[in-house]
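From a predicted model like this one, the values you see are computed outputs, not experimental measurements.
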Amino acid sequence: MTYLAAADRYDTMTYRRCGRSGVRLPAVSLGLWHNFGPDRPAGTQRDVLRRAFDLGVTHFDLANNYGPPAGAAEEAFGRIMAADLRPYRDELIISSKAGYEMWPGPYGEWGSRKYLLASLDQSLGRLGLDYVDIFYSHRFDPDTPLEETMGALDTAVRSGRALYVGVSNYSAEQTRQAHDILRDLGTPLLIHQPSYSMFNRRPEPDLFDAIGELGVGCIVYSPLAQGMLTDRYLDGIPADSRARTSQFLPPSQLTDDRLARVRALNEIAAARDQSLAQLALAWTLRDDRVTSTLIGASSVAQLADNVATVRNLALSESERASIEQHIVEPGADIWSAG
């Protein structure tokens with residue numbers, strides 16, 4: 001696979017300012033939550049990452065526990081980084097996170113200084129990097145003082161192991177508190193990473209209002225609701241689909257009501273000459289406070305279809321009104337909405 005000339009590569013992507021920082025992220029970024037464990041072909045993983053960069057995707061999002069198993073995604077990325085992407089390191093934004101269980105014992109999860117910095121060192125080893133561009137606290141720890149957790153993020157930056165820091169899965173109030181602690185330490189909070197989609201609007205309005213006021217960027221994960229907002233389930237549940245193979249989307253979640261919503265949204269997408277996935281991704285980017293939307297990809301074709309979303313991000317008022325008829329209300333998610 002041949003890399004495109006830099007000018008051509010960046011012409012294919014839209015880049016958006018991350019809050020009030022100097023960082024710009026691609027409107028569509030690639031996450032390695034799934035598809036980068038040993039159960040997937042190494043050649044496909046390599047092709048997906050290389051093609052993503054060809055298409056102007058400069059941000060790759062990881063975490064210590066991505067794979068499966070935990071650590072596998074960082075190891076896979078590290079191998080491909082060394083073989084193919086090392087000359088382009090300064091053109092990439094690479095992130096990792098720590099917060100969920102990674103190793104046994106009392107120091108293997110949550111938000112203590114010991115866990116976060118040990119995990120970061122392990123991640124750098126798996127990635128084969130001297131630093132990550134963004135290091136996240138992956139979840140709020142109710143039993144550790146937030147000052148300790150944010151202090152560890154500050155240390156990550158001051159020690160040269162990270163350039164920026166972020167939080168993920170924090171509430172609006174927790175985000176405000178984290179921002180203020182980091183501001184006082186002199187290490188700004190760059191970005192928040194919440195789950196957000198047409199079927200999960202819990203960040204609206206409180207979290208989005210908070211990050212807007214604070215000047216913090218936002219990159220949303222699960223914008224396709226674990227694959228529900230794609231054409232995979234328009235005619236039933238395929239045997240090889242995530243609903244058959246993953247705990248994150250069991251078949252019981254694909255009720256007749258939810259599939260009816262999916263089919264209605266697919267009709268709106270078709271009228272725009274888009275796939276359902278492209279419509280769902282564009283919808284997450286309709287708010288300027290959202291910097292980027294995170295996709296996963298198990299094939300180059302899936303990647304290319306998702307990245308092509310940037311060709312048509314504009315949603316008319318009538319399209320937005322039509323979409324609203326089939327999605328949950330702000331502050332709700334489809335699972336609690338029933």
Side-chain angles (χ1 to χ4, degrees), residues 1-4 9 12-13 26 28-98 100-103 119-136 138 221-224 226-227 230 232 238-249 277 292-308:
M1 187 176 296
T2 303
Y3 289 110
L4 302 176
R9 177 164 63 246
T12 65
M13 177 56 68
V28 177
S29 298
L30 182 63
L32 281 71
W33 182 11
H34 304 289
N35 304 314
F36 284 84
D39 59 326
R40 301 300 177 100
T44 300
Q45 294 172 351
R46 185 184 186 197
D47 289 345
V48 166
L49 287 174
R50 287 167 58 112
R51 185 56 181 157
F53 186 54
D54 281 352
L55 293 172
V57 176
T58 55
H59 179 29
F60 299 103
D61 179 73
L62 299 104
N64 59 354
N65 63 334
Y66 287 178
E74 289 181 329
E75 291 174 349
F77 184 87
R79 289 191 293 269
I80 297 165
M81 182 76 194
D84 300 302
L85 297 175
R86 180 72 62 183
Y88 306 93
R89 175 64 183 97
D90 293 338
E91 299 179 48
L92 301 175
I93 296 285
I94 300 167
S95 62
S96 192
K97 315 178 195 70
Y100 290 93
E101 184 175 6
M102 191 62 191
W103 61 84
S119 180
L120 175 55
D121 287 340
Q122 292 181 20
S123 289
L124 292 174
R126 287 187 291 267
L127 292 165
L129 299 175
D130 296 326
Y131 70 94
V132 291
D133 297 276
I134 307 170
F135 181 55
Y136 287 87
H138 207 167
Y221 73 90
S222 294
L224 303 181
Q226 295 295 329
T230 70
R232 289 285 278 166
D240 62 344
S241 67
R242 182 172 293 177
R244 298 288 191 193
T245 61
S246 171
Q247 61 176 322
F248 297 104
L249 184 63
S292 183
T293 192
L294 268 172
I295 62 168
S298 59
S299 68
V300 170
Q302 182 185 15
L303 169 81
D305 179 77
N306 288 350
V307 172

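The pair Asp54-Arg51 counts as a salt bridge, with a side-chain nitrogen and a carboxylate oxygen less than 4.0 angstrom apart.
Contact annotation: the side chain of Thr58 never approaches that of Met13 to less than 4.5 Å [non-hydrogen atoms, C-beta and beyond]. The closest side-chain heavy-atom distance from Val57 to Arg9 is not below 4.5 Å. With contacts defined as side-chain heavy-atom distances shorter than 4.5 Å, the pair Gln122/Asn64 does not qualify. Residues Thr230 and Gln302 are not in side-chain contact: their nearest non-hydrogen atoms beyond the backbone lie 4.5 Å or more apart. Contact check for Phe36 versus Leu49: side-chain heavy atoms found under the 4.5 Å cut-off. The shortest side-chain heavy-atom distance between Leu303 and Asp47 does not fall under the 4.5 Å cut-off.
Under a 3.5 Å cut-off, the side chain of Asn65 and the backbone N or O of Ala70 do not form any donor-acceptor pair.
Of the inter-residue distances, the one linking Ser222 atom OG with Ile295 atom CD1 reads 12.5 Å to the nearest 0.5 angstrom. The OG atom of Ser96 lies 4.0 Å from the CD atom of Glu74; values are rounded to the nearest 0.5 Å. Here the straight-line distance linking atom CZ of Phe135 with atom CG of Leu120 works out to 4.5 Å at 0.5 Å rounding. Once rounded to the nearest 0.5 Å, the distance linking OH of Tyr88 with CZ of Arg50 reads 8.5 Å. Once rounded to the nearest 0.5 Å, the distance linking CG of Leu92 with CE of Met81 reads 5.5 Å.
Scanning both residues, Asn306 and Ala277, for their nearest heavy atoms gives OD1-CB, 3.7 Å. Closest of all the heavy-atom pairs between Thr44 and Ser298 is CG2-O, 3.4 Å. In this structure, Pro68 and Pro38 approach most closely via the heavy-atom pair O-CD, 3.2 Å. Among all heavy-atom pairs drawn from Gln45 and Asn35, the shortest one is NE2-O, 3.3 Å. Looking at every heavy atom in both residues, Val28 comes nearest to Val307 through CG1-CG2, 4.3 Å. Scanning all heavy atoms of the two residues, the minimum distance from Arg126 to Gly71 falls at CD-O, 3.4 Å.
Every residue two or more places apart in sequence or in another chain was checked for a side chain to side chain donor-acceptor pair (under 3.5 Å) with Arg79, and none qualifies. Under the side chain to side chain donor-acceptor pair (under 3.5 Å) criterion, Asp61 pairs with Ser95, Lys97, Gln193, not counting sequence neighbours.
Taking the six-membered ring where tryptophan is involved, the planes of Phe77 and Phe60 are tilted, since the angle between them lies from 30° to 60°.
A side chain to side chain contact (heavy atoms under 4.5 Å, CB included) with Leu30 is found for one member of Leu294, Leu62, Val48, Leu55 and no other, namely Val48.
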